[in-house]
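We're numbering straight along the sequence, starting at 1.
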Amino acid sequence: MSDASLRDWRRDAVIYQIYPRSFMDSDGDGVGDLGGIRERLGHAAALGADAVWISPFVRSPMKDFGYDVSDYCDIEPMFGDLAAFDALVAEAHALGLRVLMDQVWNHTSDRHPWFVESRRDRSNPKADWYVWADPAADGGPPNNWRATFGGSAWQFDETRRQYYLHNFLESQPDLNWYNPEVRAALIETGRFWLERGVDGFRLDVVNFYAHDRSLADNPARPADAPRPAGAGRSDPYFDWINRGTVCRPETLELLGELRAMADAYPGTLLLGEISSAEDALRDAAGYVADGRLHLAYNAALVSDEPFTAAGLHDLLARSLELFPHNRLCWTFGTHDFPRLKGRWAAHGRREEALERRLDALLAALLVGLPGACCIYQGDELGLPQAQLALEDMRDPYGIANYPHILGRDGCRTPMPWTDEVPNGGFTSARRPWLPMPAEHLALAVSRQDADPHSLLADYRRMLCWRRDTPALRGGETTLFDVQGEVLALERGDGRGRILCAYNFGPEPAALALGRLHDAAASYTLCAGVSPEVELDGDRLRLPPFGAAFLLAPESA
């Protein structure tokens, strides 16, 4: 089957990301686990998700909370065991949910047996399984490459008298993807989980797999050069253009073996994270094609600045050109970025009515965009970014760079299932691994369940409507040129077309529908996301931060 005819679930999937440490604790130790995820899977199903992506839960020293793997084929005991995982997969499938597992194949923990053997000497069977290099002439690192978490990307090993590459923590040595034995071993671990019933993989930092084997220095970023989407303004990693380790063309040549593995299990999804790319859309496009990945996501919508209609129009125009078969997966945030609500709140939109409209507007945007989408746990509740004291922080990246960079703990606090003080129904322990912010309790699932006008109710209505509306599950996308702060696009094919209209301004706006379509029949309002939406003849009126979906004339 070619990518052009992908099954709907992959091409237009709604993927709900679960961060297991913070989703639900079933055994009272203050840390979420597989039993807790199983207990709360109904939340993702009721939301309208097609699949859940579960962040790492395999064996790990937890220096980077699971993204430092010491055994790819066993469960870290704090999360459960293989029997608990099998029960989780069975429950998910019974609820109609597919399970995507996080695979961290760019690097391992320094405690992984592969690395323990590799660092022993320069001639053992795994000596070339990691990226090793001799010191520079002065005895220092081989080049100026920086680690994303700060400092040099090279760590000297006294035993081998060489440096090893680590794009992240010193305890996360990079695997040598040019070694076919490494690729074969990783693919074997993938097959292990596919045989246990998983439906695909989210591939962590897939665009870091290869490195520049010449080891040339990275150039400094010119003062007038923009930073990549999602890059923090004060993050020193982006003071350089990291071409030696990010989005190397050699990576694309190595993806065929992964795709062959997935194709042996029909319907499996490979979703790649494109991280730290200079051009998020352009670079992501190279990773999705026949013989490569099915979908990729990036930080194109992870912005510190409020969206504008013009900016989104340009972004969508580029995405339609670069991803002709809806291979793009959109997201407003993950476990690595400040929460969506927190990013926007910094711009002074504190009026409760406007905040509520803005929350619904962004949910409607995610529903209307062509392609798949990821929703990070808690964003459907409108959780703001948590503000943690230094003594409460656990993220090594945030602690190392405090106070210039606050790290990722603020988006990783526990899910508030109830408004019960102090831990929101997340755990029976006296204290969870990260504190439960008091302001999150008022946004708890139990409270929003009881309110038909809550943001959670909006997400459920819109996502379930999206699932039942063929025009939003494929077909062509037409992007209209509209003045002001209105973004308008039309989705669908011969089965029907839906106009998606969004007002990104703080003032009411009007859209003359007759200018968008030649047919004499008028559009029909089929989902006014904002109660104040009005349709008068061919004139659509949108309130501040309002959104609406309309059935196009030829479909009426």
Side-chain angles (χ1 to χ4, degrees), residues 67 106-107 143-151 153 166-168 174 202-212 216-252 271-288 293 295-308 311-312 314-319 321-323 327-340 342-344 346 371 374 376 395 397-398 401 404-408 411:
Y67 286 90
N106 175 73
H107 50 268
N143 56 34
N144 71 346
W145 295 354
R146 310 297 293 173
T148 62
F149 288 178
H166 63 90
N167 273 296
F168 299 91
D174 273 40
R202 177 265 187 184
L203 302 177
D204 185 59
V205 294
V206 67
N207 58 318
F208 277 72
Y209 284 0
H211 65 282
D212 179 4
D217 279 354
N218 284 328
R221 185 177 302 278
D224 59 349
R227 293 190 162 215
R233 297 186 186 93
S234 58
D235 190 340
Y237 177 73
F238 296 101
D239 291 346
W240 307 88
I241 298 175
N242 299 293
R243 62 178 58 156
T245 51
V246 179
C247 292
R248 297 293 306 172
E250 298 92 336
T251 301
L252 302 180
L271 169 66
E273 176 196 22
I274 308 303
S275 175
S276 306
E278 288 297 313
D279 185 325
L281 280 178
R282 181 201 65 203
D283 293 328
Y287 286 77
V288 287
L293 307 182
L295 293 171
Y297 78 89
N298 58 71
L301 289 179
V302 182
S303 173
D304 286 334
E305 299 297 328
F307 296 135
T308 65
L312 285 168
D314 292 346
L315 180 67
L316 282 170
R318 289 195 71 213
S319 74
E321 178 182 353
L322 291 168
F323 297 87
R327 296 187 180 114
L328 185 60
C329 185
W330 300 96
T331 182
F332 290 133
T334 69
H335 64 292
D336 283 331
F337 297 103
R339 283 202 178 272
L340 171 67
R343 299 197 305 268
W344 280 59
C374 281
Y376 178 50
D395 179 17
Y397 171 59
N401 293 282
H404 305 292
I405 299 171
L406 296 180
R408 302 165 294 178
C411 69

Side-chain heavy-atom pair Phe337, Thr331 within 4.5 angstrom cut-off: no
Beyond-backbone contact of Asp235 with Thr148, side-chain heavy atoms, under 4.5 angstrom: no
Minimum-distance pair of heavy atoms, taken over all atoms of Ala277 and Asp283: CB-OD2, 3.4 Å
CD (Glu321) with more than 12 external heavy atoms under 6.0 Å: no
Side chain to side chain contact (heavy atoms under 4.5 Å, CB included) between Glu273 and Asp336, intermediate numbers included: CA-CA 11 Å; Glu273 176 196 22; Asp336 283 331; 3.9 Å; yes
CG-CG distance between Leu293 and Leu252, expressed to the nearest 0.5 angstrom: 9.0 Å
Donor-acceptor pair, side chain of Trp145 and main chain of Ala216, under 3.5 angstrom: yes
Thr334 vs Tyr297 side-chain heavy atoms within contact, under 4.5 Å: yes
Closest approach of Ile274 to Ala296 (non-hydrogen atoms, all atoms of both residues): CG1-CB, 4.0 Å
Aromatic ring proximity Phe208/Phe168, centre distance under 6.0 Å: yes
Distance-minimising heavy-atom pair for Val206 and Gly272: CG1-CA, 4.0 Å
All salt bridge (charged side-chain N to carboxylate O under 4.0 Å, His left out) counterparts of Arg221, not counting sequence neighbours: Glu278
Worked verdict on Leu271 versus Cys329 for side chain to side chain contact (heavy atoms under 4.5 Å, CB included): CA-CA 8 Å; Leu271 169 66; Cys329 185; 3.9 Å; yes
Electrostatic pair Asp204:Arg202 at N-O distance under 4.0 angstrom: yes
Separation between CG of Leu328 and CZ of Phe323, rounded to the nearest 0.5 Å: 4.5 Å
Donor + acceptor pair across side chains of Asn167, Tyr237 (<3.5 Å): no
Tyr67 OH to His107 NE2 distance, which is reported to the nearest 0.5 Å: 9.0 Å
Straight-line distance of Asn218 CG to Asp212 CG, nearest 0.5 Å: 8.5 Å
Spacing of NE2 belonging to His211 relative to CG belonging to Asn143, to within rounding of 0.5 Å: 9.5 Å
Heavy-atom closest pair, residues Asn298 and Ala284: ND2-CB, 3.6 Å
Donor-acceptor contact below 3.5 Å, side chain Asn144 vs main chain Asp217: no
Closest heavy-atom pair and its distance - Cys247, Tyr287: CA-OH, 3.5 Å
Minimum heavy-atom distance Ser276-Pro228, with the two atoms named: O-CG, 4.2 Å
Gap between atom CG of Leu406 and atom SG of Cys411 - 0.5 Å precision: 11.5 Å
